[in-house]
Amino acid sequence: GAVVSQHPSWVICKSGTSVKIECRSLDFQATTMFWYRQFPKQSLMLMATSNEGSKATYEQGVEKDKFLINHASLTLSTLTVTSAHPEDSSFYICSAANTGTLLNIQYFGAGTRLSVL
Amino acid sequence: GENVEQHPSTLSVQEGDSAVIKCTYSDSASNYFPWYKQELGKRPQLIIDIRSNVGEKKDQRIAVTLNKTAKHFSLHITETQPEDSAVYFCAALTGRDDKIIFGKGTRLHILP
């Protein structure tokens, strides 16, 4: 099946620093990618929809200045957590669908565990 | 906004028995309903999906049913095995903006 690569898998940072997470579709093009946040033993909460070549669409309650999303190409979206604080510690996971098939099947990255000290 | 409700949150079944997880959705324009299995520490994996033009779909021990009138869909796992233990998420694709909205998940335990 389609492969979505997410990097890094785990990052530990000091409070106040910024962290960039990459999401790549390896063998297909994705006009749209999604970023989720998952707390332990909880569901995936959609944070934003990343649109290639345009601004991301953020869900209600998600700070766009805090979570910067860039979708510069059809295979890469990045999420930058700016001025991270301990409450931003979480599991961030991206997903993408193969635009070419129009099947809407979402493939997930392996996730990034962010720990802010 | 769009919402997906999932029940139960935890389910324990004896190995070999069947497990059923139920979901309801709010957006009547939703037309695609995937189910994901997430093992501890791993990414969600698509296990089965159904589109609104069919009422049932089966893949070996897994089946999904959809009732569009009632806006609910269910996952059925028969002859459960230890490796079926995981968290299962239902989801619905919104009709307006193609977002996937997830249910809260069901932690399935298969008892020996």
| query | Quick one: what part of B/Pro44 sits under 4.5 Å from any heavy atom of chain A, side chain, backbone, both or neither? | reply |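 Both parts, backbone and side chain.
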
| Which atoms of B/Gln6 approach chain A - backbone, side chain, both or neither, heavy atom under 4.5 Å |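 Contact with chain A involves no heavy atom of B/Gln6 at all.
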
| Listed once per pair and sorted, the ring pair (Phe, Tyr, Trp, His ring centres under 6.0 Å) pairs that draw on residues 82-112 of chain B, sequence neighbours left out |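 For residues 82-112 of chain B, and leaving out neighbouring residues, the ring pair (Phe, Tyr, Trp, His ring centres under 6.0 Å) pairs sorted by first residue read A/Tyr36-B/Phe102, A/Phe108-B/Phe102, B/Tyr36-B/Phe102.
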
| Looking at OG1 of A/Thr32 and NZ of B/Lys99, how far apart are the two atoms once the value is rounded to the nearest 0.5 Å? |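 So the gap between those two atoms works out to 12.5 Å.
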
| message | If you compare all heavy atoms of B/Ile100 against all heavy atoms of A/Leu46, which two are closest, and at what distance to 0.1 Å? | response | O-CD2, 4.5 Å

Co-membership, hydrophobic cluster, residues [X] and [Y], 4.5 Å side-chain:
X: A/Val62; Y: A/Leu79; result: yes
X: B/Ile110; Y: B/Ile47; result: yes
X: A/Met47; Y: A/Leu44; result: no
X: B/Val4; Y: B/Trp35; result: yes
X: A/Ile21; Y: A/Val11; result: yes

| message | Counting heavy-atom pairs under 4.5 Å with chain B, which one of A/Gln6, A/Gln106, A/Gln42, A/Met45 comes out on top? | response |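 Highest number of heavy-atom pairs under 4.5 Å: A/Gln106.
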
| request: Heavy-atom distances under 4.5 Å only: say whether A/Gln60 touches chain B with side chain, backbone, both or neither. | output: neither

| query | B/Arg43 side chain to A/Cys94 main-chain N or O, any donor-acceptor pair under 3.5 Å? | reply |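 No, because the side chain of B/Arg43 does not come within donor-acceptor range (under 3.5 Å) of the backbone of A/Cys94.
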
| task | Please check if the side chain of A/Ser43 supplies one atom and the backbone of B/Gly103 the other of a donor-acceptor pair under 3.5 Å. | result |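 Yes, A/Ser43 side chain to B/Gly103 backbone: donor-acceptor pair under 3.5 Å.
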
| field | More than 12 heavy atoms of other groups within 6.0 Å of B/Leu40 CG | value |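 No - once you tally the heavy atoms of other residues, nucleotides and ligands closer than 6.0 Å, there are 12 at most.
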
| query | Is the number of heavy atoms from other residues, nucleotides or ligands under 6.0 Å of A/Lys66 NZ greater than 12? | reply |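 Yes, NZ of A/Lys66 has more than 12 neighbouring heavy atoms, counting only those of other groups under 6.0 Å.
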
| Residues from residues 54-80 of chain B approaching chain A under 4.5 Å (heavy atoms) | none

